[in-house]
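One structure is given here, and the rest of the page talks about it.
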Amino acid sequence: MHRVEQVMGFPVSLRVDDIEGGADVDVVSGAGDAVFAWLREVDERFSPFKPGSEVSRYGRGELPASRLSADLVEILALCERYRVATGGAFDARLPGRGFDPCAIVKGWSVQRAAERLTAAGAGRFCLNAGGDVVVGGGPWRVGVRHPEIADKVCTVLELTDGAVATSARYERGDHIIDGRSGVAATGLLSVSVVASTLTEADAVATAAFAMGVDGVRWAAGLAGCEVYAVDAGRSVVRTAGFPSVGVWAGPA
C-alpha cells in the first residue's frame, strides 16, 4: 500500500510493505484510511490558523481548563515540559503570535497515526510527514535534506523502528523563534534528531534549533536521542550513535 495526501499544509506519504502474520489485509488497509482521517481531524481541532479550532478558542480564552479535551491537555503538558527544559527557548506562547503548539502537534499526531498502523498489524511501514519520518519493521533508509541545496541530501540514515525529525530554515525561512530573546534563531542551518517516537524527535529538534548551538549539546544529552546538526558556519556536529550510512559532502 502506498498513499500520498496533502494534510496540515504538507505532503504525507504512507507506505506499508507487509503485514504481520495473522493480521487482516482489510484491517491494515482500513488503518491506512484511519491515518489520514486522524490527521485531518487533528488539523481541524488543533490548528491555530483555524478560528474555530479548539486551540484557537483556548488561545482566545474561550475555553477554561475544565472543558479542554484530553488530547489538548496532553499537548499543553508537552509544551510546558519543553519550555522548562530549554529555559524558555522553546515556547508555544510567543508575544504577538498567540498560542501556537504546532511544533508539538505535528510529531505527536503522526506518532499517534503510526501507532494505529502497528495496532492493526502493519509489519513494515514508513510514514513521512513533510520530511519527518516514523518507521516500523525496517531497516529503512531515510535521507535528510541538505540545508542549502534542495535536490541534495546531507546525510542518509538507517532506521528499523523509530523516528527522525528535522528543523531547518530552508522551507519557511527564519521562522523558529528563541523564546528567551524573541528573535529568530539563526545559529543552526538544520538539526535532525532520532528518537524512539516522532513526538519526541520533532519536539527536541525544534527546541534544539531554538536554542542554537547550545541546543545541540542539550539534545545530545537526552537519553535515547541522537543528533545531526549543521551550524551557521556549515560545520557538522553529530552524536556517535547517529545512524548515518552517508556523510556530509559540504556546501557544494
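Quick note: numbers below take in every heavy atom, side chains included, and nothing from hydrogens, waters or symmetry partners.
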How about L14 and E5: do any of their side-chain heavy atoms sit closer than 4.5 Å? no

If Ile, Leu, Val, Met, Phe, Trp and Tyr residues are connected whenever their side-chain heavy atoms lie under 4.5 Å apart, and connections chain through other members, are F46 and V73 in the same group? yes

Determine whether R112 and E41 satisfy the following criterion, salt bridge (charged side-chain N to carboxylate O under 4.0 Å, His left out), listing intermediate values before the conclusion. CA-CA 12 Å; R112 284 276 195 93; E41 176 188 336; over 6 Å; no

Hey, what do you get for OG (S47) to CZ (R45), rounding to the nearest 0.5 Å? 13.0 Å

Atom of H175, atom of A168 and distance for their closest heavy-atom approach: CE1-O, 3.2 Å

Rounded to the nearest 0.5 Å, what's the gap from CG on D17 to NE2 on H2? Could you check? 9.5 Å

Taking all atoms of both residues into account, what is the closest heavy-atom pair of A122 and V16, and its distance? CB-CG1, 4.1 Å

Once you measure the plane-to-plane angle for Y58 and F99, does it fall in the parallel (<30°), tilted (30-60°) or perpendicular (>60°) bin? perpendicular

Run the side chain to side chain contact (heavy atoms under 4.5 Å, CB included) test on L76 and L68 for me, step by step, so that the C-alpha distance in whole Å, both residues' side-chain angles and the decisive distance to 0.1 Å come before the verdict. CA-CA 10 Å; L76 289 169; L68 298 182; 3.6 Å; yes

Test item: W140 side-chain N/O and F125 main-chain N/O as donor-acceptor pair under 3.5 Å: yes

Please report the C-alpha distance between D43 and R40 in whole Å, then the side-chain angles of each, then the deciding distance to 0.1 Å, and finally whether the salt bridge (charged side-chain N to carboxylate O under 4.0 Å, His left out) criterion is met. CA-CA 5 Å; D43 193 31; R40 287 191 291 270; over 6 Å; no

Hey, could you give me the CG/CZ distance between L222 and R217, rounded to the nearest 0.5 Å? 13.5 Å

Indicate whether the side chain of S244 and that of R238 have a donor and an acceptor atom separated by less than 3.5 Å. yes

Please check if the side chain of S167 supplies one atom and the backbone of V191 the other of a donor-acceptor pair under 3.5 Å. no

Closest heavy-atom pair and its distance - I104, A203: CD1-CB, 3.6 Å

State, with a plain yes or no, whether a side-chain heavy atom of R83 is found less than 4.5 Å away from one of R93. no

Any side-chain to backbone donor/acceptor pair from R124 onto R15? Under 3.5 Å, distance only. no

Spacing of OG1 belonging to T118 relative to CG belonging to D161, to within rounding of 0.5 Å: 8.0 Å

S109 side chain to V105 backbone, donor-acceptor under 3.5 Å: yes

Going by heavy atoms in the side chains, are V153 and V144 under 4.5 Å from each other? no

Is it the case that one hydrophobic cluster holds both V4 and L198, taking links as side-chain heavy atoms less than 4.5 Å apart, direct or via other members? no

Go through the steps for D100 and L94 under the test side chain to side chain contact (heavy atoms under 4.5 Å, CB included), then give the verdict. CA-CA 8 Å; D100 182 354; L94 295 168; over 6 Å; no

With the side chain counted from C-beta on, respond yes when L39 and V110 share a heavy-atom pair under 4.5 Å apart, and no when they do not. yes

Closest contact, heavy atoms only, V55 versus P101: CG1-CD, 3.7 Å

Look up atom CH2 in W108 and atom CG in D202, then write down how far apart they are to the nearest 0.5 Å. 13.0 Å

Kindly determine whether D33 and R3 satisfy side chain to side chain contact (heavy atoms under 4.5 Å, CB included), including the steps that lead there. CA-CA 10 Å; D33 294 336; R3 291 174 57 175; 2.5 Å; yes

Are any non-hydrogen side-chain atoms of T206 and Y82 less than 4.5 angstrom apart? no

How long is the straight-line distance from OG of S69 back to CD of E74, given to the nearest 0.5 Å? 9.5 Å

Run R169 and T186 through side chain to side chain contact (heavy atoms under 4.5 Å, CB included) and show every step you take. CA-CA 8 Å; R169 299 160 62 185; T186 58; 4.2 Å; yes

Please give me the minimum heavy-atom distance between I177 and A210, naming the atom from each residue. O-CB, 3.9 Å

If you compare all heavy atoms of A195 against all heavy atoms of C225, which two are closest, and at what distance to 0.1 Å? CB-SG, 4.2 Å

Does any N or O in the side chain of T239 come within less than 3.5 Å of the main-chain N or O of E226, such that one atom is a donor and the other an acceptor? no

For the residue pair M8 and C102, establish whether any side-chain heavy-atom pair is separated by less than 4.5 Å. no

May I ask you to test the Y228-T166 pair for a side-chain heavy-atom distance under 4.5 Å? no

